[in-house]
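Reviewing the structure listed below.
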Amino acid sequence: MTVPLDDDDPRVCYPPLPVPAEWYLDLDLQLINAADDSERWAAVVAGTREVLDRLDHLASPRVRELTGPQAVAVRLRKNALTFEAAGQPDMAAWLHAVVDVLDAYAVLQDQCAEHIRRAETSDAAAVAIGEAATSLKAAAHHMDTYRFPNFPPYRSDRPDYGLMVAAGSCLADENHRPALRSDLAGAGGAAGSAEFNPYVDGLLQLELATHRRLYRLFYDLCRHVGFDVSEEPDLPNPDDVDEQAL
């Protein structure tokens, strides 16, 4: 027996709801059978609105699992406290500076989503989707080349295990980044996929660029503090990560 979700009860929390593929069969047919760009864009706009609804769902405080674009940022902020507890305030400040960059990209993603939501017609939404895609892909290129602050100087004659744990936690959090494609769970059907939707493609490109840069950054941080992770079976080499797709 299932119990209806009571949105008025603050005690009710639940995992991300599944997205049955059959919800979007009509939308898939609309996209596939589009006779011109106008009909194709109408389907893409509808698919985008489904994606935005999914992102709103993931961001809801009622969803008990920390997921979505900000999941890594939230965990890294907690790791900054671990650096402070290890007596490394400079490392904590460095990590906060890294997360500030992630927060800036999160603001951009929110602005792109809101720009699309405010569109009152299908034509206006199509324009907003194209503009959002351009902004997100530019952000992905910026992330590819962004110069993060140098690591704070660190010298020690003996291992600092508290510092190693903090650095390793940063790498582990990035290594286990929730994949946006999995979070979206097929929302919008084909019209909400990166293959047909430039907005979703931009979101995934930014996620991929961010994952590659941060993984390499934290991998190098581990080496900087004397933590050799090259032999860890669950941690690929950054060059291999650069060849992966999310």
Side-chain angles (χ1 to χ4, degrees), residues 2 4-5 7 14-63 65 67-71 102 104-144 177-211 244-246:
T2 59
L5 298 177
D7 286 339
Y14 39 82
L17 299 178
V19 181
E22 54 268 23
W23 283 1
Y24 305 111
L25 290 178
D26 289 345
L27 186 54
D28 288 346
L29 290 173
Q30 180 183 344
L31 178 67
I32 294 171
N33 295 323
D36 53 32
D37 281 348
S38 177
E39 292 183 1
R40 181 178 64 83
W41 270 109
V44 170
V45 167
T48 302
R49 297 201 186 282
E50 294 292 336
V51 168
L52 294 177
D53 286 347
R54 179 65 178 177
L55 293 175
D56 287 344
H57 169 67
L58 294 173
S60 169
R62 300 297 176 82
V63 176
E65 295 179 19
T67 188
Q70 280 295 84
L102 302 185
Y105 284 123
V107 170
L108 172 65
Q109 292 180 65
D110 289 342
Q111 291 173 340
C112 288
E114 187 59 30
H115 184 44
I116 297 171
R117 288 190 184 98
R118 288 200 306 265
E120 297 181 353
T121 66
S122 182
D123 287 344
V127 172
I129 289 169
E131 292 173 347
T134 299
S135 296
L136 292 168
K137 290 172 184 177
H141 176 73
H142 181 260
M143 175 58 84
D144 280 337
R177 168 185 289 269
L180 180 59
R181 191 183 294 273
S182 297
D183 283 344
L184 293 180
S193 69
E195 290 73 17
F196 294 97
N197 190 309
Y199 167 65
V200 175
D201 183 49
L203 287 174
L204 293 179
Q205 286 196 34
L206 178 55
E207 179 190 38
L208 182 59
T210 302
H211 177 59
Q244 294 177 356
L246 289 176

Measuring only between side-chain heavy atoms, which start at C-beta, is His142 closer than 4.5 Å to Tyr105?
yes
Nearest heavy-atom contact between Tyr24 and Gly188 is CZ-N, 3.2 Å
Does Ser193 reach the side chain of Val200, with side-chain heavy atoms less than 4.5 Å apart?
no
Which residues pass the side-chain contact (heavy atoms from CB on, under 4.5 Å) test with Ala185, not counting sequence neighbours?
Val19, Arg54
Listed by chain and number, what are the side-chain contact (heavy atoms from CB on, under 4.5 Å) partners of His141, not counting sequence neighbours?
none
Assess whether atom CD of Glu22 is packed by more than 12 heavy atoms of other residues, nucleotides or ligands within 6.0 Å.
yes
Close side-chain approach of Val44 to Tyr199, heavy-atom, < 4.5 Å:
no
With a 4.5 Å heavy-atom cut-off, do Gln244 and Leu208 have their side chains touching?
no
Closer than 4.0 angstrom, basic N to acidic O: yes or no for Arg117 and Asp56?
yes
Taking the side chain from Glu207 and the backbone from Leu180, do they hold a donor-acceptor pair closer than 3.5 Å?
yes
Least distance between heavy atoms, Ala46 atom then Leu27 atom:
CB-CD1, 3.8 Å
Which distance, rounded to the nearest 0.5 Å, do you find between the NZ of Lys137 and the CG of Leu203?
10.5 Å
Taken to the nearest 0.5 Å, the spacing of Asp144 CG from Thr210 OG1 works out to 9.0 Å
Trp41 and Ile129: side chain to side chain contact (heavy atoms under 4.5 Å, CB included), yes or no, with the steps?
CA-CA 10 Å; Trp41 270 109; Ile129 289 169; 3.9 Å; yes
Main chain of Ala132, side chain of His115: is a donor-acceptor contact present, judged purely on distance under 3.5 Å?
no
Check Pro16 against Leu58 and note the closest heavy-atom contact, atom names and distance.
CB-CD2, 4.0 Å
Leu204 and Leu136, any side-chain heavy atoms less than 4.5 Å apart
no
Nearest atoms (heavy-atom pairs only) where Ala190 meets Asp28:
N-OD1, 2.9 Å
Minimum heavy-atom separation for Ala42 to Ser122, with atom names?
CA-OG, 3.8 Å
Verdict with reasoning, Leu55 to Asp183, per side chain to side chain contact (heavy atoms under 4.5 Å, CB included):
CA-CA 8 Å; Leu55 293 175; Asp183 283 344; over 6 Å; no
Side-chain donor or acceptor of Asn33 paired with backbone N/O of Leu29 under 3.5 Å
yes
Measuring from atom CD of Gln30 to atom CD of Glu39, what distance do you get when rounded to the nearest 0.5 angstrom?
8.0 Å
Test item: Glu114 side-chain N/O and Asp110 main-chain N/O as donor-acceptor pair under 3.5 Å
no
Show the nearest heavy-atom pair for residues Ala119 and Ala124, with the distance to one decimal.
CB-C, 3.7 Å
Side chains of Gln205 and Asp201: donor-acceptor distance under 3.5 Å anywhere?
yes
